[in-house]
Amino acid sequence: MKKKVLWLLPLFALTYGYAQETDTVAKKDYGRLYGGFESNSQWYLNDKGTGVNQKAAPINGKPIRSNNYLLLNYQYKGFTAGIQGEAYEPNALLNYNPGFKGTNVGIWYATYKFSKLELTGGYFYEQFGNGMLFRAWEDRALGINTALRGGRVIYRPTDDIKLTALYGRQRTGFNVSKGDIYGFDADFSLNNLFKFQVSDLSFGASYIGRYEALAEPAPFNALTNAYGARFGFIHNSFYINGEADYKEKDGVLNLQNEIDPYLVKPGNAITLNMGYSKEGLGIDATLRRTENFKFLSEREPAVYDANSSSLNYNDRVLNFTPALTKQHHSNLANIYVYQAQSKVDFITTGIMKAGETGGQLDVFYDFAKETALGGKYGTKLAVNLSSWYNLPGTYRLNPASYETRFLGVGDKYFSDYNFEIRKQFSESWHTALYYMRQFYNKAWIEGGDKVNTNIVTAEATYNFTPKRSIRLEGEHMWADADKKNWAGATAELNLDDKYSFYVWDIYNYGNDDPNKRIHYYNVGGAYRIGATRIAANYGRQRGGLVCVGGVCRYVPESTGVSLQISTAF
């Protein structure tokens, strides 16, 4: 362990030494060194209330765990290079990708930019269009890093054209997948061609190919091709954009996460977004339909045990399918969260999925100041509606088969109808009221009961000074199934932009099992100075889905002390 920690010290020394040199040497251009460090650690404790035992799974007698990232970049004129060291010692935090283990170099890259050309070798991140066809990205909170290791060329012959070509293999843990990934993307702006003054028109086209050798003859090709086309148009306050993607036929995974040679299907995805925005009013609507559109860098995911595979960690996934639902900050509103259902999944004779169809509508309206509803400071109203369904059609479990219809809806997965009102009563008092009505088909999404909830949340913030404030929040959930009713409260204190403290608790008082009527309490704080933030927390983690930006990972119940440190330089 000491040797692994010492491995990182030269990188810190390099950073420090370079900073000292730039303080004393004249203004000669030696380039620029920049980067960041992040550490997330937790000490998991025994807890009789939740039944957590350090010696039992998933802790397995290893209660202290830490995820650490040190990123260094060097830039000199058109040249940029970087390296990221990662340490998961003595183990990664609970329920992270098993490939994240030990200390090693996570990513490295070098890029050179000419006036119209950009060349990159090593690991890189990229997205084509809205990401439904291809997205290589990183989210440390979710344990996701799907960078490609290979090469990328970006060419901009004019300000209106951008062409991208790439090749690589996708990162998985500290290794890369077996599939070879080929890609090409083109973006075109037509504003100058049509001499638009108050409008904007653009088009794009994408290609992604995955080549993975076949162990034996199969009714599909070793190279799976996928194509996409998109457009965007803005005129004054109106906008509309859309994307359509198609994946050639390929083997579909069965319940054991193995390719079913008898169920070979193509895949497709369509997204349409439109809206209108002017002072005091905003309307945004998104519709999406996906069918068999989970695109993997390896056809068969790695299976770790009877209950998990690489899919559980969003690992070896080439495309990006976020849940298009409102991202709530309420603790109780995030108990039943929706995960996008983009893949074929046959579970029982009554639960057979081929994708999803649905949409989301947002309406924002500001009641003007000095009106009956606006009052002295104005009033803000936001309404959000989202509903998601299985694809309509005919399904057969054995032998597996399905035929979908393009229009219509199947069994309902999830819905969330909510509104919020924000009202300022004085220079110091800011208040908000939220109401959410959710339907969560747990049986179809993760196994369990269908749940209907009604959630009410009220919050008030008082500003002592422009830099000192306190926020209080109370919330309640009425649920007709699963764990039934919850109540919660939060208090946050912010001091001088440097210190913040909080305490919150959610209580599952309505659980039918008296032994599971548990308080999930947390107390913590943070200190900020410049680009550095240090935060500590003690409390209980409710088991379930943790989501960031509509992408989720499952976390087990735990109790412990956590420490987070992050800085940029």
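The chain is numbered in sequence order, starting from 1.
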Applying the ring pair (Phe, Tyr, Trp, His ring centres under 6.0 Å) test to Tyr227, which of Tyr246, Tyr207, Phe295 qualifies?
Tyr207
With a 3.5 Å cut-off and no angle check, do the side chains of Thr111 and Thr80 form a donor-acceptor pair?
no
Run Asp160 and Thr158 through side-chain hydrogen bond (donor to acceptor under 3.5 Å, both in side chains) and show every step you take.
CA-CA 5 Å; Asp160 298 326; Thr158 71; 4.7 Å; no
With Thr224 as partner, the option from Arg210, Glu248, Lys247 fulfilling side chain to side chain donor-acceptor pair (under 3.5 Å) is Arg210
Under 3.5 Å, is there a donor on one side chain and an acceptor on the other for Asn40 and Asn67?
no
Using a strict 4.0 Å threshold on nitrogen-to-oxygen distance, state whether Arg169 and Asp180 make a salt bridge.
yes
Residues Asp416, Lys326: salt bridge by 4.0 Å N-O rule:
no
Could you tell me which residues satisfy side chain to side chain contact (heavy atoms under 4.5 Å, CB included) with Asp185, sequence neighbours excluded, listed by chain and number?
Phe128, Thr164, Asp187, Ser206, Arg230
Salt bridge Glu38-Arg140, side-chain N to carboxylate O under 4.0 Å:
yes
Roughly how far, to the nearest 0.5 Å, is the CD1 atom of Ile59 from the CD1 atom of Ile64?
11.5 Å
All N/O donor-acceptor pairs, side-chain side in residues 562-569, below 3.5 Å, sequence neighbours left out:
from	atom 1	to	atom 2	distance (Å)
Ser562	OG	Gln564	NE2	3.2
Thr567	OG1	Thr532	OG1	2.7

Glu126/Arg152 ion pair, N-O < 4.0 Å
yes
So, Glu89 and Thr103: side-chain donor and acceptor under 3.5 Å apart, yes or no?
yes
Can you say whether the rings of Trp388 and Tyr338 are parallel (under 30°), tilted (30 to 60°) or perpendicular (over 60°)?
parallel
Please determine, by modelled atom types, if Arg65 and Gln42 share a side-chain donor-acceptor pair under 3.5 angstrom.
no
Taking the side chain as every heavy atom from C-beta outward, state whether Lys442 and Trp444 have any pair of such atoms under 4.5 Å apart.
no
Go through Asn73 and Tyr109 one step at a time and tell me if the side-chain hydrogen bond (donor to acceptor under 3.5 Å, both in side chains) criterion holds.
CA-CA 9 Å; Asn73 298 291; Tyr109 74 95; 2.6 Å; yes
Which heavy atom in Lys101 sits nearest to a heavy atom in Asn91, and how many Å separate them?
CE-ND2, 4.3 Å
Kindly say whether the aromatic ring centers of Tyr112 and Phe114 come within a distance under 6.0 Å.
yes
When you check the side-chain N and O atoms of Gln339 and Tyr554, is any donor under 3.5 Å from an acceptor?
no
Hey, can you tell me if Tyr182 and Tyr167 have their rings parallel, tilted or perpendicular (30° and 60° cut-offs)?
tilted
Looking at Arg289 and Glu356, is any side-chain nitrogen of the basic one under 4.0 Å from a carboxylate oxygen of the acidic one?
no
Distance from Gln170 atom CD to Glu298 atom CD, nearest 0.5 Å?
9.0 Å
For residues Ser297 and Arg316, is any side-chain donor paired with an opposing acceptor at under 3.5 Å?
no
Option among Asp250, Val317, Leu318 that satisfies the side-chain contact (heavy atoms from CB on, under 4.5 Å) test with Leu296
Val317
Determine, for Tyr402 and Lys265, whether the Lys NZ or Arg CZ falls below 6.0 Å from the six-membered ring centre while staying within 45 degrees of the axis.
yes
Might you point out which heavy atoms bring Tyr440 and Val337 nearest each other, and give the distance in Å?
CE1-O, 3.3 Å
Is it true that atom OH of Tyr304 has more than 12 heavy atoms of other residues, nucleotides or ligands lying nearer than 6.0 Å?
yes
Does the plane of the ring in Tyr88 sit parallel, tilted or perpendicular to the ring in Phe100? Use 30° and 60° as the thresholds.
parallel
